[in-house]
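Notes to accompany the following structure.
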Amino acid sequence: MSGVWVFKDGVVRCIGNNGADGGEGGSSSNSNKKKVLVHVPTNETVTSYEMLERKLAPLGWERYLNDPDLLQFHQRSSVHLISLPRDFSRLRLVHMYDVVVKTRNVFEVRDA
């Protein structure tokens, strides 16, 4: 959620970039746009888990084969674990940001 957070009458509300109050049914124009995961060094949009795995491997990320319902990657040098739904079509914004946060400056979430 982008915008300005306002505390008024004991309630915190997000006022979006377009001035609509996010807590009152209005929403920022960015919230309805489809998002994609982009590999920054090559400017390529990630379109499959195979592609994501090829981009993560040089960074030290390995497949973690422990859960049949999730696709997971871990780094031996850290405690970080990236957990994604096994079906790429179920990849959501929260999963994309999980990749972004754990691989700083390598991936970004952008508007499609």
Side-chain angles (χ1 to χ4, degrees):
M1 284 191 191
S2 62
V4 177
W5 288 90
V6 177
F7 183 79
K8 182 177 178 185
D9 299 324
V11 177
V12 176
R13 290 188 178 95
C14 178
I15 308 228
N17 292 337
N18 62 357
D21 185 347
E24 299 281 329
S27 65
S28 172
S29 60
N30 290 337
S31 65
N32 295 329
K33 292 182 182 177
K34 184 174 168 72
K35 305 288 185 180
V36 293
L37 184 64
V38 176
H39 183 248
V40 175
T42 61
N43 204 32
E44 292 178 291
T45 299
V46 175
T47 57
S48 68
Y49 283 143
E50 292 79 19
M51 181 181 191
L52 179 61
E53 188 169 7
R54 283 194 312 268
K55 304 296 184 187
L56 289 173
L59 302 172
W61 290 90
E62 302 173 348
R63 286 273 298 264
Y64 187 65
L65 305 171
N66 195 27
D67 191 328
D69 298 326
L70 295 173
L71 185 64
Q72 295 179 313
F73 297 94
H74 74 99
Q75 281 184 318
R76 291 180 187 223
S77 61
S78 75
V79 296
H80 293 301
L81 184 69
I82 297 173
S83 297
L84 308 168
R86 186 153 299 278
D87 182 3
F88 187 78
S89 66
R90 296 184 61 215
L91 187 71
R92 301 291 179 252
L93 192 57
V94 68
H95 303 115
M96 292 181 202
Y97 277 115
D98 190 29
V99 173
V100 169
V101 167
K102 293 173 182 164
T103 60
R104 297 208 184 270
N105 303 319
V106 179
F107 289 93
E108 286 181 351
V109 174
R110 297 181 186 164
D111 292 332

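This is a predicted model, so every value here is computed, not measured.
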Q. According to the salt bridge (Lys or Arg N to Asp or Glu O under 4.0 Å) rule, which pairs have a member within residues 69-87, sequence neighbours left out?
A.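 Checked against salt bridge (Lys or Arg N to Asp or Glu O under 4.0 Å) - neighbours excluded - the pairs reaching residues 69-87 are Glu62-Arg76.
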Find out whether [X] and [Y] are in side-chain contact, i.e. whether some heavy atom of one side chain is under 4.5 Å from a heavy atom of the other.
| X | Y | value |
| --- | --- | --- |
| Val46 | Val36 | no |
| Phe73 | Lys102 | no |
| Thr45 | Met51 | no |
| Leu37 | Val100 | yes |

**Q.** Partners meeting salt bridge (charged side-chain N to carboxylate O under 4.0 Å, His left out) with Arg92 (sequence neighbours left out)
**A.**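 Salt bridge (charged side-chain N to carboxylate O under 4.0 Å, His left out) list for Arg92, sorted by chain: empty.
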Q: For Arg54, enumerate each residue passing the salt bridge (charged side-chain N to carboxylate O under 4.0 Å, His left out) test, keeping only those at least two apart in sequence or located in another chain.
A: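 Testing Arg54 for salt bridge (charged side-chain N to carboxylate O under 4.0 Å, His left out), a comparison that skips the adjacent residues, returns none.
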Q | Residue pairs involving residues 82-112 (criterion ring pair (Phe, Tyr, Trp, His ring centres under 6.0 Å); sequence neighbours excluded) | A |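 Pairs touching residues 82-112 that pass the test: His39-Phe107, Tyr49-Phe88.
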[atom1]-[atom2] distance between [X] and [Y], expressed to the nearest 0.5 angstrom:
| X | Y | atom1 | atom2 | result |
| --- | --- | --- | --- | --- |
| Met96 | Leu84 | CE | CG | 10.0 Å |
| Asp98 | Leu93 | CG | CG | 11.5 Å |
| Thr103 | Leu52 | OG1 | CG | 8.5 Å |

I'd like to check the side-chain hydrogen bond (donor to acceptor under 3.5 Å, both in side chains) partners of [X]; sequence neighbours left out, ordered by chain and number.
| X | answer |
| --- | --- |
| Asn105 | none |
| Glu44 | Thr42, Lys55 |
| Ser83 | Gln72 |

Q: Output the rest of the hydrophobic cluster of Leu81: all Ile, Leu, Val, Met, Phe, Trp and Tyr residues reachable through side-chain heavy-atom contacts under 4.5 Å, sorted by chain and number.
A: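 Besides Leu81, the cluster holds Tyr64.
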Q) With the threshold set at 4.0 Å, does a side-chain nitrogen-carboxylate oxygen contact exist between Asp111 and Lys34? A)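 Not counted as a salt bridge, because no side-chain N and carboxylate O are separated by less than 4.0 Å.
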Q) Looking only at atom types and distance, does a side-chain atom of Gln75 sit under 3.5 Å from a main-chain N or O of Leu59, one as donor and one as acceptor? A)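 A pair under 3.5 Å: yes.
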